[in-house]
Amino acid sequence: MVAMNMKISPKSGMCLVVLILESLLSPSVFVRAQPSSEMDSPAGIWETIDDKTGKPTAVVEIFKENANLFGRIEKILTRDDQSAVCVACTDERKNQPIVGMIIIRNIKADGSEYSGGDILDPNSGIVYRFKMHLEKNGTLLIVRGYIGFAFIGRSQTWHRRQ
């Protein structure tokens with residue numbers, strides 16, 4: 001073994017300490033700053049479950065556009081007619097095809113919850129204020145539609161499709 005007689009100045013020693021700390025801390029900071037997986041976001045494909053019957057009703061894709069989340073019906077599971085239109089709707093979606101319809105609009109992240117937009121029930125034509133949050137490591141989405149106050153409304157649990 002060859003002994004090297006090397007002197008480290010206080011300034012270069014401090015730089016070395018900073019470099020070591022940066023190399024140890026930076027990866028963990030970046031991992032926390034980015035979602036660890038797609039399960040950290042409601043974006044994806046969901047099977048909606050009727051809160052009254054407990055049966056699947058539709059397949060909805062939630063997607064991000066700019067800073068907002070939107071949801072589109074991809075498939076109706078309660079009827080064979082995939083060409084059904086929203087006769088109960090009272091806004092611009094009236095008589096539009098339900099499959100392909102945007103039913104969730106302008107949702108924003110608010111901490112661990114998502115809110116600020118609205119959701120349409122195509123069966124009744126009612127547009128509700130809306131909030132949602134993920135549970136069970138992102139495999140469940142708790143969706144709450146309400147008029148006025150959040151405690152007066154109804155909730156559904158949606159299941160992420162793999």
Side-chain angles (χ1 to χ4, degrees), residues 23-162:
S23 69
L24 293 173
L25 293 177
S26 292
S28 64
V29 169
F30 289 121
V31 168
R32 287 189 189 133
Q34 299 173 352
S36 62
S37 74
E38 63 188 29
M39 302 300 242
D40 291 341
S41 166
I45 307 293
W46 296 91
E47 190 168 84
T48 67
I49 307 296
D50 186 278
D51 54 310
K52 295 174 185 154
T53 66
K55 296 185 181 204
T57 57
V59 174
V60 172
E61 178 189 13
I62 296 179
F63 58 95
K64 191 171 187 175
E65 190 172 292
N66 300 319
N68 295 329
L69 292 172
F70 294 83
R72 172 188 310 114
I73 294 180
E74 296 295 317
K75 184 176 183 181
I76 302 171
L77 302 175
T78 56
R79 54 177 105 155
D80 293 331
D81 185 9
Q82 295 297 306
S83 62
V85 296
C86 189
V87 294
C89 291
T90 58
D91 60 11
E92 71 278 0
R93 296 171 280 196
K94 183 164 185 66
N95 295 322
Q96 297 301 309
I98 294 174
V99 173
M101 180 176 286
I102 302 292
I103 60 164
I104 297 171
R105 301 184 295 193
N106 298 312
I107 302 299
K108 294 181 176 82
D110 183 15
S112 63
E113 195 170 79
Y114 299 83
S115 62
D118 58 49
I119 186 168
L120 167 72
D121 177 352
N123 292 323
S124 68
I126 298 173
V127 177
Y128 296 93
R129 291 177 63 196
F130 176 67
K131 66 181 185 174
M132 63 185 177
H133 69 273
L134 294 163
E135 290 188 357
K136 301 239 181 181
N137 296 320
T139 61
L140 298 179
L141 184 65
I142 309 303
V143 174
R144 180 114 181 123
Y146 58 94
I147 296 175
F149 301 100
F151 63 86
I152 303 173
R154 68 186 240 224
S155 295
Q156 291 183 340
T157 301
W158 294 5
H159 299 257
R160 189 181 294 272
R161 278 197 156 183
Q162 299 302 333

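Heads up: numbering here begins at 1 and tracks the sequence. Computed over heavy atoms, backbone and side chain alike; hydrogens, waters and symmetry mates excluded. This is a predicted model, so every value here is computed, not measured.
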Visitor: Taking the side chain as C-beta and beyond, is there a heavy-atom pair between V127 and R93 under 4.5 Å?
Guide: yes
Visitor: Please report the closest heavy-atom contact between P42 and I62, naming both atoms and the distance.
Guide: O-CB, 3.4 Å
Visitor: Look at atom CG of N95 and say whether more than 12 heavy atoms of other residues, nucleotides or ligands are closer to it than 6.0 Å.
Guide: yes
Visitor: So, do T48 and T57 sit near enough that their side-chain heavy atoms are less than 4.5 Å apart?
Guide: yes
Visitor: Just verifying a value: how many Å separate R161 CZ and E47 CD, rounded to the nearest 0.5 Å?
Guide: 4.5 Å
Visitor: Take C86 and M101 through the test side-chain contact (heavy atoms from CB on, under 4.5 Å) and record every step on the way to the result.
Guide: CA-CA 9 Å; C86 189; M101 180 176 286; 3.7 Å; yes
Visitor: Is there a side-chain contact between D51 and S155 (heavy atoms, below 4.5 Å)?
Guide: no
Visitor: Side-chain contact, heavy-atom cut-off 4.5 Å: F70 with F63?
Guide: yes
Visitor: Between D50 and K55, is the salt bridge (Lys or Arg N to Asp or Glu O under 4.0 Å) condition met? List the steps.
Guide: CA-CA 6 Å; D50 186 278; K55 296 185 181 204; over 6 Å; no
Visitor: Determine whether a donor-acceptor pair (N or O, by modelled atom type, separation under 3.5 Å) exists between the side chain of R144 and the backbone of H133.
Guide: no
Visitor: Using 4.0 Å as the upper bound for N to carboxylate O, is an ion pair formed by R72 and E65?
Guide: no
Visitor: Compare every heavy atom of Q82 with every heavy atom of I76, then report the nearest pair and how far apart it is.
Guide: O-NE2, 2.7 Å
Visitor: For I73 and P122, which heavy atoms make the closest approach, and how far apart are they?
Guide: CD1-CG, 3.9 Å
Visitor: How long is the gap from SG on C89 to CD1 on I103, to the nearest 0.5 Å?
Guide: 10.0 Å
Visitor: Do the side chains of Q156 and I119 get nearer than 4.5 Å, heavy atoms only?
Guide: no
Visitor: Do Y114 and V143 touch side chain to side chain, with heavy atoms closer than 4.5 Å?
Guide: no
Visitor: Run the side-chain contact (heavy atoms from CB on, under 4.5 Å) test on D110 and K131 for me, step by step, so that the C-alpha distance in whole Å, both residues' side-chain angles and the decisive distance to 0.1 Å come before the verdict.
Guide: CA-CA 10 Å; D110 183 15; K131 66 181 185 174; over 6 Å; no
Visitor: Rounded to the nearest 0.5 Å, how far does NZ of K75 lie from CD1 of I45?
Guide: 12.5 Å
Visitor: Measuring from D118:CG to N106:CG, what's the distance to the nearest 0.5 Å?
Guide: 7.0 Å
Visitor: Please walk me through it: do D81 and S83 pass side chain to side chain donor-acceptor pair (under 3.5 Å)?
Guide: CA-CA 5 Å; D81 185 9; S83 62; 2.5 Å; yes
Visitor: Going from CG on L134 to OG on S112, what distance comes out if it is rounded to the nearest 0.5 angstrom?
Guide: 9.0 Å
Visitor: Distance check, rounded to the nearest 0.5 Å: K136 atom NZ versus H159 atom NE2?
Guide: 10.0 Å
Visitor: For the residue pair W46 and L140, what are the closest heavy atoms and their distance?
Guide: CZ3-C, 3.8 Å
Visitor: For a 4.5 angstrom cut-off between non-hydrogen side-chain atoms, does L69 reach M132?
Guide: yes
Visitor: Counting distance only, does the side-chain N/O of R129 pair as donor-acceptor with the main-chain N or O of G148 below 3.5 Å?
Guide: yes
Visitor: By the definition side-chain contact (heavy atoms from CB on, under 4.5 Å), identify the one residue from L141, T139, I142 that meets it with W158.
Guide: L141
Visitor: Considering all heavy atoms of both residues, which atom of I107 and which atom of I104 are nearest to each other, and what is their separation?
Guide: CG1-CG2, 3.4 Å
Visitor: Decide yes or no for T157 and E135: does some side-chain heavy atom of the first lie under 4.5 Å from some side-chain heavy atom of the second?
Guide: no
Visitor: Would you say K94's side chain and V87's backbone share a donor-acceptor pair under 3.5 angstrom?
Guide: yes
